Amino acid sequence: MSPGPTASPRRPAILLDFDPAFEIQPRLRQAVDQVVPLPSPPKWLCPPDRGRALERNLSHLPPGRLTFIGSGDYHYLTNFFLRQISRSFTLVLIDHHDDAADATNEWLTCGNWVRFTERHRSLKRIVYTDGAGLSIAEPSPKRFLWTKIPLSHPLTGNPAPLLAQIPTAGVYVSIDKDVLDTGAAHTNWDQGGLDAQSLIHLFETVALRRSVIGADVCGELSPALPGLTTRQEEEAAQKNESVNLALLNVWRRITVRPALPRPAGSPSPRRFLPGAGL
């Protein structure tokens, strides 16, 4: 007799522990499955030799995860996460900036990492939205079509135009909280006009209608003097932490679903244990 349906293992949410912004987000640190120490990566831009070392350090992270990166200054780490994906996928980038500046000198930066991402063979399309409209970034190899689709407010608007631009079952979602207005979050970059609830809805809409194979979140405000935070920095951290926790709650809802019955005698799926070594 075959065993009945079982719950699928929870896909992990991890926090990369190098940015002092997370020192003043204690609820998030407690809520994630694992806090992973990481030697501080270069800020803003990463030369090729440092990139190779970083990729080795990040290669041991569990697959299919939600990763809290830290400041948007380190958004280029997403490029290394995407290199770990072997199946066909679409990158959905929710960001106030398209991060698609010229990348001819091979230095990876927070402003050009999308150009490096275009080189990944498994990537089939990049869908970019800043909350006001939807674009598919035009890459240098001309693999993708450039288009602009006006969207109404994401919370009440029709998601069909966005979903129609995703040609793959697998989706990776990368979120920079600078897409939000200053009432919802505070970052160290200029910000967009999206409210927090609309961002949550946008993430959930994509996740419920496609298979999200991974996601990351950046856009923290790092204190100028770690350990000596100002009142304004603490208030900013509280806003950012609330958004992070809401995104984490969506992740938990969409990634823990009933699994199909396993044949009798088949091994249980491997589980990621919070606090386990990498």
Side-chain angles (χ1 to χ4, degrees), residues 14-16 18-19 21 36 38-59 61 63 65-86 88-131 134-144 146 168 170-180 187-192 203 206 212-222:
I14 70 168
L15 182 153
L16 297 182
F18 66 86
D19 192 329
V36 179
L38 185 72
S40 290
K43 200 171 188 178
W44 301 310
L45 71 168
C46 182
D49 58 333
R50 291 294 299 276
R52 288 188 289 271
L54 262 174
E55 186 166 18
R56 286 193 297 272
N57 287 335
L58 295 168
S59 66
L61 298 177
R65 66 187 179 272
L66 169 64
T67 309
F68 290 96
I69 296 175
S71 165
D73 298 339
Y74 306 101
H75 202 173
Y76 68 81
L77 293 179
T78 300
N79 176 67
F80 301 121
F81 304 157
L82 300 182
R83 285 172 62 88
Q84 300 171 351
I85 301 174
S86 57
S88 297
F89 74 98
T90 297
L91 168 64
V92 175
L93 175 62
I94 304 172
D95 197 322
H96 188 50
H97 312 88
D98 63 17
D99 294 350
D102 180 73
T104 54
N105 65 2
E106 295 304 311
W107 279 55
L108 182 66
T109 77
C110 60
N112 72 5
W113 65 268
V114 168
R115 292 301 182 194
F116 286 82
T117 293
E118 292 167 353
R119 305 172 186 177
H120 303 341
R121 291 187 177 183
S122 300
L123 177 66
K124 301 306 177 186
R125 183 163 289 181
I126 301 169
V127 177
Y128 162 69
T129 178
D130 63 1
L134 173 68
S135 301
I136 300 174
E138 182 183 9
S140 25
K142 304 295 182 185
R143 268 204 303 140
F144 312 109
W146 172 269
T168 59
V171 171
Y172 187 99
V173 181
S174 185
I175 298 171
D176 190 331
K177 290 197 297 294
D178 69 11
V179 75
L180 295 168
T187 76
N188 60 336
W189 295 91
D190 60 301
Q191 293 182 223
F203 182 35
V206 173
V212 176
I213 58 178
D216 61 55
V217 181
C218 69
E220 311 309 325
L221 180 65
S222 303

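The model shown is predicted, which means the values in this text are computed figures rather than measured ones.
- Applying the side-chain hydrogen bond (donor to acceptor under 3.5 Å, both in side chains) rule to Asp49 yields no partners; only residues at least two apart in sequence or on another chain are considered.
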- Item | Step-by-step side chain to side chain contact (heavy atoms under 4.5 Å, CB included) determination, Phe89 to Leu82 | CA-CA 9 Å; Phe89 74 98; Leu82 300 182; 4.0 Å; yes
- Message: side chain to side chain contact (heavy atoms under 4.5 Å, CB included) for Leu58 and Leu38? Distances and angles first, verdict last.
- Response: CA-CA 9 Å; Leu58 295 168; Leu38 185 72; 4.1 Å; yes
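- Rounded to the nearest 0.5 angstrom, Ser88 OG and Arg125 CZ are separated by 13.0 Å.
- Between Arg115 and Glu118 a salt bridge is recorded (basic side-chain N to carboxylate O distance below 4.0 Å).
- For the atom pair Ile175 CD1 and Thr129 OG1, the distance stands at 11.0 Å (nearest 0.5 Å).
- Within the 4.5 Å cutoff, the side chain of Leu54 has heavy atoms near those of the Leu77 side chain.
- A heavy-atom distance below 4.5 Å is found between the side chains of Thr90 and Val127.
- Side-chain contact between Thr78 and Tyr172 is present, with at least one heavy-atom pair separated by less than 4.5 Å.
- Atom CD1 of Ile14 sits about 10.0 Å away from atom CZ of Phe68, to the nearest 0.5 Å.
- For the side-chain hydrogen bond (donor to acceptor under 3.5 Å, both in side chains) criterion with Asn79, the lone passing option out of Arg119, Glu55, His120 is His120.
- Inter-residue side-chain proximity for Val92 and Phe203 is flagged as unmet; no heavy-atom pair is nearer than 4.5 Å.
- Summarising the geometry, atom SG belonging to Cys46 is positioned 5.0 Å from atom CZ belonging to Phe80; distances are rounded to the nearest 0.5 Å.
- The two residues Arg50 and Ser40 make their nearest non-hydrogen contact at NH2-O, 3.4 Å.
- Checking Ser222 against Asp19 by side-chain atom types alone, a donor-acceptor pair falls below 3.5 Å.
- Side-chain N/O atoms of Asp99 and Tyr76 include no donor and acceptor closer than 3.5 Å.
- Of the N and O atoms on the side chains of Asp178 and His97, at least one donor lies less than 3.5 Å from an acceptor on the other residue.
- Put simply, the side chain of Leu180 does not reach to within 4.5 Å of the side chain of Thr187, judged on heavy atoms.
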- Go through Phe81 and Ile69 one step at a time and tell me if the side chain to side chain contact (heavy atoms under 4.5 Å, CB included) criterion holds. CA-CA 11 Å; Phe81 304 157; Ile69 296 175; 3.9 Å; yes
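- The aromatic rings of His75 and Trp113 are tilted relative to each other, their planes meeting at an angle between 30° and 60°.
- Partners of Arg65 according to the salt bridge (charged side-chain N to carboxylate O under 4.0 Å, His left out) rule, which considers only residues two or more places apart in sequence or in another chain, do not exist here.
- Evaluation of the side-chain hydrogen bond (donor to acceptor under 3.5 Å, both in side chains) rule for Asn188 yields Asp73 as partners, not counting sequence neighbours.
- A distance of 11.5 Å separates CH2 in Trp107 from CG in Asn112, rounded to the nearest 0.5 Å.
- Atoms OG and CG, on Ser174 and Leu93 in that order, are 5.5 Å from each other to the nearest 0.5 Å.
- Under the 6.0 Å cut-off for aromatic ring centres, Phe18 and Tyr74 qualify, their centroids lying closer than that.
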- Worked verdict on His96 versus Lys177 for side chain to side chain contact (heavy atoms under 4.5 Å, CB included): CA-CA 8 Å; His96 188 50; Lys177 290 197 297 294; over 6 Å; no
